[in-house]
Amino acid sequence: MSTWQLRAELVNSLSPEPRSQRLHRTQEGVMGLIRMSLDAKEFAYCPYSKFRVGAAVLAHDGRVFTGCNVENACYNLGICAERNAISKAVSEGYRDFKAIAIASDLSDQFISPCGGCRQFMREFGASWDVYLSKPDGSYVETTVDELLPGSFGPEDLKMKKVHIPNEF
């Protein structure tokens, strides 16, 4: 399947219908996104943790952006695959996403994004789909909201606040 066919399949198959109605007919689109996250994992730069992660984020127009984790000797300067893929999309003008697939080398459990990545995903909406996968392509589906319930997002900054005078 070509990249363009895959993109069309992803856009057409990931609809706002309830999961139970869309899962059986979106299998090819979801698996395509997961394959792209598995491929992205191959480029991970992780000489310290040896923990490879790949991500593929799907924009509403069908464009897919991939990312991998990139570590640094100064540990806190590394970047996770999810933030890498989303940042790549944002740097090209995208702000609204349909789904993200995340892959790692864990075979006994599904990869789960760290807290920082959950909040980073939440910045761009709470209701988009998240596919957590294993190397064999099996996956579980969730949403950003389910990964980070009761979250704080950009809309919270627009809420009415108590005025506190600056005394400094």
Side-chain angles (χ1 to χ4, degrees), residues 6-27 29-34 36-37 40-41 44 51 53-72 75-104 106 109-133 139-168:
L6 173 61
R7 287 181 184 160
E9 175 67 27
L10 289 167
V11 170
N12 294 330
S13 66
L14 296 177
S15 69
E17 298 171 2
R19 278 187 218 156
S20 60
Q21 292 176 5
R22 73 174 186 240
L23 187 59
H24 78 280
R25 65 180 188 83
T26 66
Q27 198 73 18
V30 171
M31 292 309 296
L33 195 63
I34 290 169
M36 293 177 86
S37 70
K41 175 186 71 170
F51 192 85
V53 181
V57 64
L58 173 66
H60 278 281
D61 70 353
R63 182 109 185 253
V64 175
F65 297 88
T66 60
C68 61
N69 56 318
V70 180
E71 294 180 348
N72 189 283
Y75 292 137
N76 65 339
L77 293 181
I79 186 168
C80 298
E82 301 91 327
R83 288 184 287 144
N84 197 338
I86 294 167
S87 294
K88 190 187 292 186
V90 169
S91 74
E92 294 192 29
Y94 289 82
R95 306 284 189 276
D96 192 28
F97 306 107
K98 288 182 85 163
I100 187 169
I102 307 165
S104 77
L106 293 174
Q109 68 184 51
F110 295 101
I111 183 68
S112 185
C114 71
C117 286
R118 292 172 191 219
Q119 183 63 46
F120 202 84
M121 288 187 282
R122 173 59 182 88
E123 180 70 18
F124 301 98
S127 61
W128 45 303
D129 294 325
V130 181
Y131 300 99
L132 310 174
S133 72
Y139 67 91
V140 294
E141 179 182 356
T142 187
T143 65
V144 173
D145 192 46
E146 290 169 340
L147 286 172
L148 195 63
S151 64
F152 181 85
E155 63 281 356
D156 294 303
L157 295 173
K158 298 174 185 169
M159 299 188 91
K160 185 176 180 179
K161 301 173 204 64
V162 175
H163 175 70
I164 301 174
N166 188 352
E167 297 184 17
F168 299 103

*Considering residues at least two apart in sequence or located in another chain, which fulfil the side chain to side chain contact (heavy atoms under 4.5 Å, CB included) criterion with N72?*
C74, L77

*Could you tell me whether the side chain of W128 reaches within less than 4.5 Å of the side chain of D96, counting heavy atoms only?*
no

*asked:* So, using side chain to side chain contact (heavy atoms under 4.5 Å, CB included) as the criterion, who are the partners of A44 when residues are at least two apart?
replied: C46, R52, C68, N69

Distance-only donor-acceptor hits, side chain of residues 116-123, under 3.5 Å, sequence neighbours excluded:
from: R118; atom 1: NE; to: P113; atom 2: O; distance (Å): 2.8
from: R118; atom 1: NH1; to: L147; atom 2: O; distance (Å): 2.9
from: R118; atom 1: NH2; to: S112; atom 2: OG; distance (Å): 2.5
from: R118; atom 1: NH2; to: P113; atom 2: O; distance (Å): 3.3
from: Q119; atom 1: NE2; to: F152; atom 2: O; distance (Å): 2.8
from: R122; atom 1: NE; to: S151; atom 2: OG; distance (Å): 2.6
from: R122; atom 1: NH2; to: E155; atom 2: OE2; distance (Å): 2.1

*What's the spacing between I79 CD1 and N84 CG if we round to 0.5 Å?*
5.0 Å

_For A40 versus G67, what's the shortest heavy-atom pair and its separation?_
CB-O, 3.5 Å

*Separation between CD of E146 and OG1 of T143, rounded to the nearest 0.5 Å*: 3.5 Å

*asked:* Please identify which of these residues, V64, D129, I100, meets the side-chain contact (heavy atoms from CB on, under 4.5 Å) condition with L33.
replied: V64

*Nearest 0.5 Å, what's the CD1-CG distance between I102 and L132?*
5.5 Å

Pairs of donor and acceptor atoms involving the side chains of residues 156-165, under 3.5 Å and at least two apart or interchain, shall be tabulated with distances.
from: D156; atom 1: OD2; to: G153; atom 2: N; distance (Å): 2.7
from: K161; atom 1: NZ; to: L157; atom 2: O; distance (Å): 2.7
from: K161; atom 1: NZ; to: M159; atom 2: O; distance (Å): 3.4

*Are any of the side-chain heavy atoms of F97 and I86 separated by less than 4.5 Å?*
yes

*Which residue pairs satisfy the salt bridge (Lys or Arg N to Asp or Glu O under 4.0 Å) criterion with at least one member in residues 78-91, sequence neighbours excluded?*
none

_Partner set under side chain to side chain contact (heavy atoms under 4.5 Å, CB included) for A103, not counting sequence neighbours_ = S37, L38, S133

*Report yes or no: does R63 contribute a side-chain atom to a donor-acceptor pair with the main-chain N or O of L58 at less than 3.5 Å?*
no

*asked:* Quick check: do Y94 and D61 have side-chain heavy atoms less than 4.5 Å from each other?
replied: yes

*Any chance you could measure E71, atom CD, to C80, atom SG, to the nearest 0.5 Å?*
9.5 Å

_Measuring only between side-chain heavy atoms, which start at C-beta, is K41 closer than 4.5 Å to V53?_
no

*Checking side-chain contact (heavy atoms from CB on, under 4.5 Å) for the pair E141/V130: CA distance, chi angles, key distance, verdict?*
CA-CA 6 Å; E141 179 182 356; V130 181; over 6 Å; no

